[in-house]
**Q** 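Submitted below is the structure of interest, expressed as structure tokens.
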Amino acid sequence: MEFNLFGKAVKIQSSKVNQSTQRAVGWSDSAVSATSGFYNNISAKIATEISKLNFQHVKYKKNENGIDTLQSMDGSDIDEVLNWRPKGHLNSVDFWSDVTRKLMRTRQVYLKPIYDKDGNLIDLLINEDEEIDTNETVNLVSPFFINSNTSILDSTLSSIATKLQQGRIKGQLKINGLIDTESDEFVQKAQNTLNQMQKIGSVNGLTVTDDKTEIKEFSNSYSVLNDEEIKLIKSELLSSYFMSETILDGTASQEEQIYFYQSTIVPLLNQLEKELTYKLISTSKRRKIAGNKYYERIVIDNQLFKFASIDNMLSLIHENTQAPLLNLNELRVLLGLEAIEGGDVYMTNLNSKIIKDFSELENEEKETNEKTN
């Protein structure tokens with residue numbers, strides 16, 4: 001839409017913002033397109049990691065002499081809703097993806113549990129009501145916000161805009177001198193001229209030039225993003241969410257995967273575990289009350305050992321039998337397995353023994369040689 005105001009053509013551009021992509025649909029600026037594309041990839045990656053999780057409803061049996069053993073409650077009303085029911089969406093994966101995307105756009109997301117007349121959980125919906133009773137809802141606070149008004153994305157985009165503008169040429173300054181490619185004399189003279197103009201202009205907004213200096217300000221900017229600017233947008237956006245580009249293209253190393261998962265995904269999983277356990281399991285079932293043999297939890301697998309290779313895991317198991325630092329149940333938990341009855345024991349190689357000093361090894365070697373001879 002264009003208007004002729006005060007003899008000048010003024011163009012006004014407007015568009016509705018897509019709440020899913022945080023992009024104005026009608027804008028075609030190259031920076032907007034690139035930024036939106038990278039942000040969509042980041043958002044999709046985080047949502048994918050959350051949506052493929054399994055929410056385990058478990059019951060622990062208290063063990064006074066070791067790790068509390070765990071019993072899966074697959075098939076319970078809570079397991080049915082968290083893992084299987086579509087929850088107002090196409091399926092459960094779509095639901096958790098939507099929750100994650102909302103957490104990247106808004107500070108708080110509220111989930112409303114629905115119960116039947118017998119108190120069984122039958123659904124879990126994203127609360128869209130204006131009035132919310134936070135005592136009755138599962139309350140999630142986004143880890144992607146710096147404060148209540150500023151998201152990580154907002155801060156990153158401001159940083160990108162500032163850095164992109166720093167390299168823009170806004171005009172030309174013609175000074176009394178010849179461009180010399182062999183030395184920095186011309187560059188120094190131009191910088192000194194600009195510094196003096198800014199120093200004088202800081203008094204009342206007006207500056208002066210000599211009769212041989214001419215300023216030509218560009219009225220339009222004709223440019224597209226170059227490779228360096230594309231790299232800047234990538235770097236700023238990815239690092240804000242503790243990611244590298246290899247995370248997106250599937251070539252990340254074990255260290256890069258662990259860094260991203262531990263910094264971006266685990267904080268959200270810890271919050272989900274606590275809030276879902278607190279709001280979906282009654283106090284009497286959740287607490288370790290004296291005289292109560294069992295207590296319940298909702299557990300999400302956030303062990304970083306999932307990124308270890310099979311060789312790494314076999315090496316850990318082998319080394320643990322040479323010098324057992326972990327008992328069998330502790331080792332099973334690290335492997336993502338359930339603790340078992342009788343598993344609070346240490347497994348060791350019978351060839352290993354405890355010695356007080358190295359002299360014992362010498363004596364043992366002499367005794368072995370004597371028996372052999």
Side-chain angles (χ1 to χ4, degrees), residues 50 52-85 92 96 111 113-124 134-141 261-262 265-308 313 316-349 354:
I50 300 299
K52 66 185 182 183
L53 294 170
N54 183 49
F55 298 83
Q56 296 178 298
H57 182 201
V58 299
K59 178 188 289 186
Y60 286 95
K61 181 180 179 182
K62 289 191 288 188
N63 182 2
E64 302 298 335
N65 300 316
I67 293 180
D68 296 344
T69 56
L70 179 149
Q71 173 187 346
S72 175
M73 297 187 67
D74 288 347
S76 69
D77 57 331
I78 293 177
D79 170 67
E80 174 71 17
V81 169
L82 292 183
N83 293 304
W84 305 99
R85 195 170 183 86
S92 190
W96 290 113
L111 308 180
I114 308 297
Y115 298 93
D116 63 15
K117 62 180 181 180
D118 297 321
N120 295 314
L121 183 69
I122 58 174
D123 214 341
L124 184 67
T134 55
N135 293 319
E136 301 296 330
T137 55
V138 177
N139 309 314
L140 303 178
V141 179
Y261 200 80
Q262 189 172 34
I265 304 299
V266 169
L268 185 52
L269 301 189
N270 287 339
Q271 183 185 181
L272 271 171
E273 270 192 349
K274 291 179 173 62
E275 190 66 10
L276 289 172
T277 297
Y278 183 62
K279 292 297 176 62
L280 301 185
I281 300 176
S282 65
T283 303
S284 60
K285 293 181 179 180
R286 185 180 66 249
R287 293 181 57 193
K288 297 175 69 171
I289 301 173
N292 190 352
K293 194 174 182 179
Y294 300 96
Y295 60 95
E296 297 179 17
R297 293 284 189 274
I298 293 172
V299 177
I300 304 173
D301 178 23
N302 60 8
Q303 292 289 344
L304 298 180
F305 277 85
K306 67 174 67 179
F307 298 108
M313 300 308 297
L316 171 65
I317 295 171
H318 179 265
E319 293 299 325
N320 194 68
T321 59
Q322 303 301 315
L325 299 175
L326 304 170
N327 65 38
L328 183 58
N329 270 342
E330 290 171 331
L331 190 59
R332 287 178 63 87
V333 170
L334 286 179
L335 293 173
L337 303 174
E338 300 175 1
I340 59 174
E341 291 280 357
D344 296 304
V345 293
Y346 291 88
M347 306 293 290
T348 183
N349 192 321
I354 298 175

**Q** Got a donor-acceptor contact below 3.5 angstrom from the Trp96 side chain to the Leu82 backbone?
**A** yes
**Q** For the residue pair Ile298 and Thr277, what are the closest heavy atoms and their distance?
**A** N-OG1, 3.0 Å
**Q** By the ring pair (Phe, Tyr, Trp, His ring centres under 6.0 Å) test, which pairs, at least two apart or in different chains, include something from residues 275-295?
**A** Tyr60-Tyr295
**Q** Side chain to side chain contact (heavy atoms under 4.5 Å, CB included) between Ile50 and Ile265: does it pass, once the steps are laid out?
**A** CA-CA 8 Å; Ile50 300 299; Ile265 304 299; 3.8 Å; yes
**Q** Which heavy atom in Ile122 sits nearest to a heavy atom in Val81, and how many Å separate them?
**A** C-CG2, 3.6 Å
**Q** Would you say the side-chain atoms of Asn83 pair up with the backbone N or O of Asn54, donor to acceptor, closer than 3.5 Å?
**A** no
**Q** Got a second to check how far Lys59's NZ is from Ser72's OG, nearest 0.5 Å?
**A** 11.5 Å
**Q** Give the minimum heavy-atom separation between Pro113 and Thr137, together with the two atoms involved.
**A** CD-CA, 4.2 Å
**Q** What's the separation between atom CD in Glu136 and atom CG in Leu111, rounded to the nearest 0.5 Å?
**A** 14.0 Å
**Q** To check you understand the geometry: which heavy-atom pair defines the closest contact between Gln262 and Pro267, and what is its length?
**A** O-CD, 3.4 Å
**Q** Tell me, with the steps shown, if Phe55 and Asp79 meet side chain to side chain contact (heavy atoms under 4.5 Å, CB included).
**A** CA-CA 7 Å; Phe55 298 83; Asp79 170 67; over 6 Å; no
**Q** With Lys293, which residues qualify under salt bridge (Lys or Arg N to Asp or Glu O under 4.0 Å), at least two apart?
**A** none
**Q** Residues two or more places apart in sequence or in another chain: which of them pass side chain to side chain donor-acceptor pair (under 3.5 Å) with Ser92?
**A** Lys87
**Q** With rounding to the nearest 0.5 Å, note down the distance linking CG in Leu280 to CD1 in Ile78.
**A** 5.5 Å
**Q** Sequence neighbours excluded, which residues qualify as salt bridge (Lys or Arg N to Asp or Glu O under 4.0 Å) partners of Lys61?
**A** Glu341
**Q** If you apply the rule side chain to side chain contact (heavy atoms under 4.5 Å, CB included), what do you find for Asp123 with Arg85, and how did you get there?
**A** CA-CA 7 Å; Asp123 214 341; Arg85 195 170 183 86; 3.4 Å; yes
**Q** For the side chain of Asp118 and the backbone of Asn120, is there at least one donor-acceptor N/O pair under 3.5 Å apart?
**A** no
**Q** Under the rule for salt bridge (Lys or Arg N to Asp or Glu O under 4.0 Å), what residues qualify as partners of Arg297, not counting sequence neighbours?
**A** none
**Q** Which value, rounded to the nearest 0.5 Å, describes the distance between Leu276 atom CG and Leu124 atom CG?
**A** 7.0 Å
**Q** Sorted by first residue and then second, give each salt bridge (Lys or Arg N to Asp or Glu O under 4.0 Å) pair with at least one member in residues 276-292; sequence neighbours left out.
**A** Asp68-Lys288, Glu275-Lys279
**Q** Kindly say whether Ile300 contributes a backbone atom to a donor-acceptor pair with the side chain of Glu273 at under 3.5 angstrom?
**A** yes
